[in-house]
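Reading through the structure tokens given below for one structure.
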2 protein chains.
Amino acid sequence: MKKKKFEEIKKLIECIGLNVDVNEYIMGLKKKKEDVLSTVNFKEKVNYHKALGHKSRYLIYNLIKRKEMCICELDVILDLAQPTISHHVKILEHANLIEGIKSGKFTHYQIKKEID
Amino acid sequence: MKKKKFEEIKKLIECIGLNVDVNEYIMGLKKKKEDVLSTVNFKEKVNYHKALGHKSRYLIYNLIKRKEMCICELDVILDLAQPTISHHVKILEHANLIEGIKSGKFTHYQIKKEID
DNA sequence: TAGATAGATAGATTTAAATATATCTATTTA
DNA sequence: TAAATAGATATATTTAAATCTATCTATCTA
């Protein structure tokens, strides 16, 4: 066992008390970790939180929530270059939060998944 | 009016149609933007999405959801240095998602706000 | 009260994300 | 079918976040 791990466990024993089976306790903790990581939508959820965890994207998402929009409409109201807007929109789309419906030259983006 | 803005509006006219009052339409869009930005908890929400939009933090948050934990417990199960764990925990705390209750040398972190 | 220790903070480095300019592609229309 | 154009992609640069090592602070206990 690595030295670092040994130090960690020494701390843990003081925290949880001496009258607890340390190995069992650690196995319990590790199981919790595996349970969380293997939750069905774990990655998906991290992804949409990441997508919404940026001011411009949260704004774009909520604008589209109020009314479907094309890039050209967003371009008028946001202080960002068009490729930057397209980039953010794509991130929201990949996170399955919005979807783009193409109609001729224009693409109308609408809400696909409602998140607050 | 800047050249860029003029180009944007030219696009917009084609998108929304010629028989619409463009200035009024743009004002409507800008109002939507202001409405969204001035929503009461706008910043707070961006903040907690940002906090949860990282694999390690979403994991830590969900571990604490299952059971209150101290840094030393997280230290045993995560493949991160202790200061890195403290750093992530602090971000979750600042986003009002968890809170730390100090008890002697140990600090027990528990859920303050439930987010999925 | 001196030594030990949980967890926070400081500072430096690495890694990732945001943004811009330039260009490309698909589609429309004259 | 050639010119125009919405929006995507490529690439480079800037900015921000993640992570580490070293150190500090508050608290416990021997």
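A, B, ... follow the sequence lines: proteins, then strands. Residue 1 opens every chain.
Following rounding to the nearest Å, B:Glu73 (CD) and C:dT5 (C1') show an atom-to-atom distance of 16 Å. Distance A:Asp75 CG to D:dA6 P: 10 Å, rounded to the nearest Å. At whole-Å resolution of the value, NE2 in A:His54 and C1' in D:dT15 are 10 Å apart. Computed from coordinates, the A:Lys50 NZ to C:dA16 P distance equals 10 Å when rounded to whole Å. Per the geometry, CD1 belonging to A:Ile71 stands 15 Å off C1' belonging to C:dA26, to the nearest Å. Atom pair B:Ile13:CD1 and D:dT5:P shows a separation of 12 Å (rounding to whole Å applied). The interatomic distance linking A:Leu78 (CG) with C:dA20 (P) rounds to 11 Å, in whole Å.
Put simply, the side chain of B:His88 never gets that close to the backbone of B:His54: no donor and acceptor are under 3.5 Å apart. Remark: the backbone N or O of A:Ser103 is not paired with any side-chain donor or acceptor of A:Thr107 at under 3.5 angstrom.
For B:Gln82 against C:dA6, no side-chain N or O and base N or O form a donor-acceptor pair under 3.5 Å.
Taking a pair to require two hydrogen-bonding distances under 3.5 Å in either a Watson-Crick or a G-U wobble arrangement, D:dA30 pairs with C:dT1. When both distances must be under 3.5 Å, the Watson-Crick or G-U wobble mate of D:dA3 is C:dT28.
The pair B:Glu73-B:Lys67 meets the salt-bridge criterion, with a side-chain N (NZ, NE, NH1 or NH2) lying under 4.0 Å from an Asp/Glu carboxylate O. Look at A:Glu44 and A:Lys113 and you find a salt bridge, because one of the NZ, NE, NH1 or NH2 atoms lies within 4.0 Å of a carboxylate O, short of that distance. Using a 4.0 Å cut-off between charged side-chain N and carboxylate O, A:Lys105 and B:Glu14 make a salt bridge.
Near-neighbour residues of DNA chain D inside residues 84-113 of chain A, defined by a heavy atom below 4.0 Å, number-ordered: A:Ser86, A:Lys90, A:Lys105, A:Phe106, A:Thr107, A:Tyr109.
B:Cys15 comes within 4.0 angstrom of no nucleic acid atom, judged by non-hydrogen atoms across all strands.
Here ring-ring contact (aromatic ring centres under 6.0 Å, His included) pairs that include residues 10-48 of chain A, with residues two or more places apart or in two chains, are A:Phe42-B:Tyr58.
Side-chain atoms of A:Leu97 and A:Ile111, non-hydrogen and from C-beta on, never get closer than 4.5 Å to each other.
Proximity of A:Arg57 to the phosphate of C:dA17: no side-chain N or O atom is located under 4.0 Å from OP1 or OP2.
Sequence order on DNA chain C of the closest nucleotides to B:Pro83 and A:Glu14 puts A:Glu14 first from the 5' end.
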